[in-house]
Every structure is written in structure tokens, then in C-alpha cells.
There are 2 protein chains.
Amino acid sequence: MGKGGQPRVLLVEDEPAQRTVLAYNLEAEGFAVTQADNGEDAMVLVDEEEPDIIILDWMMPKVSGIEVCRRLKMRPETRGIPIIMLSARAEEVDRIRGLETGADDYVVKPYSVLELMARARAQLRRVRPSTAGVVLEHEDIRLDPESHRVYRGEKVLKLGPTEFKLLVTLMERPGRVFSREQLLDLVWGRDIYVDTRTVDVHVGRLRKSLMQHGGADPVRTVRGAGYALG
Amino acid sequence: MGKGGQPRVLLVEDEPAQRTVLAYNLEAEGFAVTQADNGEDAMVLVDEEEPDIIILDWMMPKVSGIEVCRRLKMRPETRGIPIIMLSARAEEVDRIRGLETGADDYVVKPYSVLELMARARAQLRRVRPSTAGVVLEHEDIRLDPESHRVYRGEKVLKLGPTEFKLLVTLMERPGRVFSREQLLDLVWGRDIYVDTRTVDVHVGRLRKSLMQHGGADPVRTVRGAGYALG
DNA sequence: TTGGACTGTTACGTATCCGTCGCATAGGCT
DNA sequence: AGCCTATGCGACGGATACGTAACAGTCCAA
């Protein structure tokens, strides 16, 4: 891993517009992004940058994404790097072939940037499950994912499962504004249908829980946008 | 044993990513880790480092894990060292068993790091019924793995085999929340099919046993997540 | 064989939590 | 100010997770 935090991602996509958008979003998510617009450069950059994860377009001139993927999965020193393939086609055949070449996940265009992000994080978690000892902190709030405990100052807070997950999500990126849709994705799960107003209610409950022993409201409402911590 | 405490583990795995992840987790768990990425180095390091336990990948270039295992189990001075084999496929486990290489345990990839850790500790307990220091303690509960006895305060507790294993698992990482699935893996074993609700029942029985002479309930239920000690 | 100890499953009661609705209130725009 | 929309929040019915007693099956020792 890129040492103290930022996971490194190598983004390989030949179309400049899409690549730029993706790079922007990935950086906003806290990734350190290296870009390549063709397979040959990608192969070189893998060795130079040692990325933690690779996002790879399927269709590219010269060396195709699938070819890059196959080569990387053949070399022992790069085999462990998770690869997410992007493809314009939804056909199942492609999916199967993509996974056969050793890609670890597969996203079909047009994809939700948020979904791609989530899958990237999922892959990183899979390879590096070591959340051991990590305690999330923000101001006087401490959250230990391992013991599932939340403290504010010295007091232990009691919160329900959804409140807990919500707080984890917010604390993973303090200051960042999450839209209701993003929170639904991240906390509730991708394919659950619930009203976006439900998020408001749970934020309210989380607020109450966080202030159950006094203290200021650490959750910020950004009108028209969503919620953030601090 | 590595004298003053830290058990020494020799980790043999050719893929750098996986080896790094594992080494990190093992060190976080209190092991002193020596790494090797091939069988030849491993054979040398066994003599130099005298590890307490060896974690060995099955598929490796040149000298395979299975070969290393066989050689080590032939030499009297290394035969006693427990070996845990890692293999990529479930079918290989059968082959390993069939070949009677003498490995002491097997874990199939993708494995839960937690499970691997637990199995390593289990092997150490088996080989090293050492007296001092291995007594698990948490608050007023003391557990001696060797004599299979559990005390609460001064009183001796009587618990069944499953309750005992469950308590051992929980006491090895007090505070940590274990999901029902993890507990099934760690206490019952990976290929046993039992309903996850069975865990609830046994936790209940463990609770009753722990409180048979009074005292507070030391087991914490984390709704939607699992159980933890303290 | 009989009895006891232990296990896994089931069923049911209960406490907690969830998602939605309705209305009050706050913020922004003209 | 007046209007409109977004958000806060209490309340409620329903769903869900958990605790536990009861039961049947297994194993083993007397």
C-alpha cells in the first residue's frame, strides 16, 4: 500500500474524457492516481508505480485490456494486484472471458462512478483485510471497528446497527459531503430500495445518539447536497 | 518458543502481495515473522531461525511446498515443527491429505486471515503445552488450555466441549466482535454445516455456565454483528 | 441396556430497530 | 414579506434479531 494511507490506483483508459472524469473522482475519493492511455505504457507503469489496484479498459488500441490483464496475471510479482475491467458491452460472454483472464471484477459501461469506487474499495479490502488496530477518530469521537465500540470523550455511546454503519462511512472521510444516494449505496447496499428520506431520519437518530451525553452536533447538513462530518 | 514470548513463524509464500498481507497480520497478532519466497530459502531458514511454526504455500516454483513439507517431516530435528499448508483449491487439500506429507493442518485460499491465525495458535498450543503464560485471562475469568479448566474468581466452572472452544476463541481476542459465521469457522470448523442460530444457543449456554456461580454476564451481544467478550 | 451429558434444530416470546408518513420549521429566492 | 422547497422530528405499524426452553438424536460409560 502507498504507505500511510492513500491506496495507489493505475487507471488505463484510452479515451481522454472518460479517463479524466474517472481520475478526478478517484482522487476525490482519496486514491493516488496514475494514468495510462494504452496497454504498453500500463505494463511499464505497473512496475514503476507498484499500484495497489488497476482499473483497466477492455477495448484499447494495440495491446488490449484483456491482453494486459492476462500478462499481469501470469507474472508472479503482479498477480496479486486486483484488476477491475471496464467494458462497453454487457454481454455475458465478455464477463466470463474477462474473469477467465484473471480479472477480479468487471464493470459494464455506462457504470456508476460510485459503484466503480465501491468495487475498487471492496477489492482493496479483500487483498488487504488488515483493519486490525485501526481506530477511526474525529474530534472527540473515537470508533473502533473491531470491537464495534464508539466513544465520545470518555463515555461509551450506544447506537443501532444502521447508525453505526452510517457513522463509519462518515468517519472514513471526515469533511466529505455524502449525498443521500451515496449514503444509501454505502450504508444500505447497492440494490436495496428505500426512500432517500430514510437517510434523513437515520442521520437524525445518529445525531441524537452522538449527543446522548451532551456535546455539539458533529454532523453538518449541506442543504441540497447531503451530509458530512465536521 | 522464541523465549520471552513471541512465537516465531516462518512464512513461505512466493506471491509478494499475499505474503506481505499475511506477514503484517501475523506481526499484528504478536508473531515474529521470517519470510521466504521459495522452498530452498525456506529449508535454510528453518535451521537458522528455528521457527515454532511454519506456514507454507502449496504451489511454488522449484521446490514446492509439499516437497518442503515432506523433507522437514523426514528430519527428526524438524519433525516436531507444526506446518500449516496453504492451497488454492479445495480439491488439493484432498491430495495433500492423500499424499500424507505430514502437514498438521490445511487452509484453503481464499482463507480468512482470522481463521489462519486461530489455527496457527491452535497448533502452537498443541505442540507447546507450556505451563507459564499460556493461561488466558480476562477480568475474573481464567482459562488454562492445558488442563482444560476454567476458573471464575476462585470457583471452577464446568463447561462442555463446545462451550470451552467458544470461550477460548473469544478470550484469544477480548473485545473483538466475532460474527456468527466466523465463530462457526473457528469453533465448529469450516466444512461443518450447522445453522448460524446454533451459535446463539451455545452462546446462551456459555453465558449460563459462566454465571453458574453468580457474577455479571461477560459476553456482549452486538446486534446485527455478532458476539464479543467484554 | 440404561442413564447421563452433549449437540443441533425448532418454535415462540420479546425487545429493538427499521422505514414511512405527516407536520413543523428553516433556508433560500423573487 | 411571501412563497417554495429542503430538512428536522415525533409517531406508528411492521419486521427482524436475539434469548431461551423444549425436543430428539448421538455417544459413551456404567
Side-chain angles (χ1 to χ4, degrees), chain A residues 148-150 156-170 177-212 215-230, chain B residues 148-150 156-170 177-212 215-230:
Chain A
H148 256 255
R149 276 215 169 96
V150 183
V156 178
L157 300 185
K158 181 180 178 306
L159 23 162
T162 308
E163 292 166 38
F164 183 82
K165 275 190 272 185
L166 186 55
L167 182 58
V168 170
T169 305
L170 293 175
V177 178
F178 293 88
S179 72
R180 298 172 207 319
E181 287 75 15
Q182 288 176 329
L183 289 174
L184 280 179
D185 265 14
L186 297 170
V187 175
W188 276 258
R190 223 170 309 295
D191 27 43
I192 303 294
Y193 166 71
V194 283
D195 197 287
T196 71
R197 288 299 318 272
T198 301
V199 176
D200 298 58
V201 178
H202 277 276
V203 169
R205 287 170 180 162
L206 174 59
R207 277 183 165 132
K208 186 191 281 185
S209 297
L210 288 174
M211 297 189 289
Q212 65 192 237
D217 179 6
V219 181
R220 178 166 51 106
T221 302
V222 183
R223 176 168 256 254
Y227 298 96
L229 211 65
Chain B
H148 247 246
R149 281 229 173 82
V150 183
V156 179
L157 300 184
K158 179 178 181 312
L159 24 161
T162 307
E163 292 167 38
F164 183 81
K165 273 190 278 184
L166 187 55
L167 182 59
V168 169
T169 304
L170 292 175
V177 175
F178 295 87
S179 72
R180 290 168 174 69
E181 287 75 15
Q182 286 176 331
L183 290 173
L184 281 179
D185 261 17
L186 297 172
V187 176
W188 277 259
R190 68 159 49 254
D191 26 49
I192 304 295
Y193 167 72
V194 282
D195 196 284
T196 70
R197 288 301 314 273
T198 301
V199 177
D200 298 48
V201 178
H202 278 275
V203 168
R205 288 169 180 163
L206 174 60
R207 277 184 165 129
K208 187 190 283 187
S209 297
L210 288 173
M211 297 189 288
Q212 65 193 238
D217 180 5
V219 181
R220 176 167 54 110
T221 301
V222 182
R223 178 174 252 254
Y227 299 97
L229 211 65

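In this text, all values refer to a predicted model and were calculated from it rather than measured experimentally.
Nearer to the 5' terminus of DNA chain C, by closest-nucleotide assignment, is the contact made by A/E163 (compared with the other of A/R223 and A/E163). Judged by closest nucleotide on DNA chain C, B/V201 is the one of B/V201 and A/T162 placed further toward the 5' end.
Every residue was checked against the ring-ring contact (aromatic ring centres under 6.0 Å, His included) condition with A/Y227, not counting sequence neighbours, and none meets it. Shown here are the side chain to side chain donor-acceptor pair (under 3.5 Å) partners of A/T162, two or more places apart in sequence or in another chain: there are none. Taking the salt bridge (Lys or Arg N to Asp or Glu O under 4.0 Å) definition, one finds that A/R197 meets it with A/D200, sequence neighbours left out.
Per the geometry, CD belonging to A/E181 stands 12 Å off P belonging to D/dA6, to the nearest Å. The interatomic distance linking A/R180 (CZ) with D/dT5 (C1') rounds to 12 Å, in whole Å. Atom CG of A/D200 and atom C1' of D/dT5 are 13 Å apart (whole Å). Straight-line distance from the CZ atom of B/R220 to the C1' atom of D/dC18: 16 Å, rounded to whole Å.
Annotation: side chain of B/V199 is in contact with side chain of B/L184 (closest heavy-atom distance under 4.5 Å).
Residue B/A225 comes nearest to B/V177 through the heavy atom pair CB-CG1, 4.1 Å, listed as atom of the first residue, atom of the second, then distance. Listed here is the closest heavy atom pair of A/F178 and A/T169: CZ-O, 3.8 Å.
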Listing, residues 215-222 of chain A side-chain donor-acceptor contacts under 3.5 Å, not counting sequence neighbours, or none:
| from | atom 1 | to | atom 2 | distance (Å) |
| --- | --- | --- | --- | --- |
| A/D217 | OD1 | A/R207 | NE | 3.4 |
| A/D217 | OD1 | A/V219 | N | 2.9 |
| A/D217 | OD2 | A/R207 | NE | 2.6 |
| A/R220 | NE | A/G230 | O | 2.7 |
| A/R220 | NH2 | A/G175 | O | 3.4 |
| A/R220 | NH2 | A/G230 | O | 3.3 |
| A/T221 | OG1 | A/R207 | NH2 | 2.6 |

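Contact check, B/T221 against D/dG19: a side-chain N or O comes under 4.0 Å of OP1 or OP2. The phosphate of D/dA17 (OP1 or OP2) has no side-chain N or O of B/Y227 nearer than 4.0 angstrom.
Non-hydrogen atoms lying under 4.0 Å from DNA chain D are contributed by A/R205, A/R207, A/K208, all within residues 203-212 of chain A.
In the 5' to 3' direction, nucleotides of DNA chain C lying under 4.0 Å from heavy atoms of chain B begin and end at C/dC6 to C/dC17.
Although no hydrogens or angles enter the test, the distance criterion places no donor-acceptor pair under 3.5 Å between the side chain of A/T198 and the main chain of A/V194. The backbone N or O of A/H202 lies less than 3.5 Å from no partner atom in the side chain of A/E163, so there is not a single donor-acceptor pair.
Counting non-hydrogen atoms under 4.0 angstrom, B/T198 reaches a base of the nucleic acid. At the heavy-atom level, B/V222 lies under 4.0 Å from the strands shown only through sugar-phosphate atoms.
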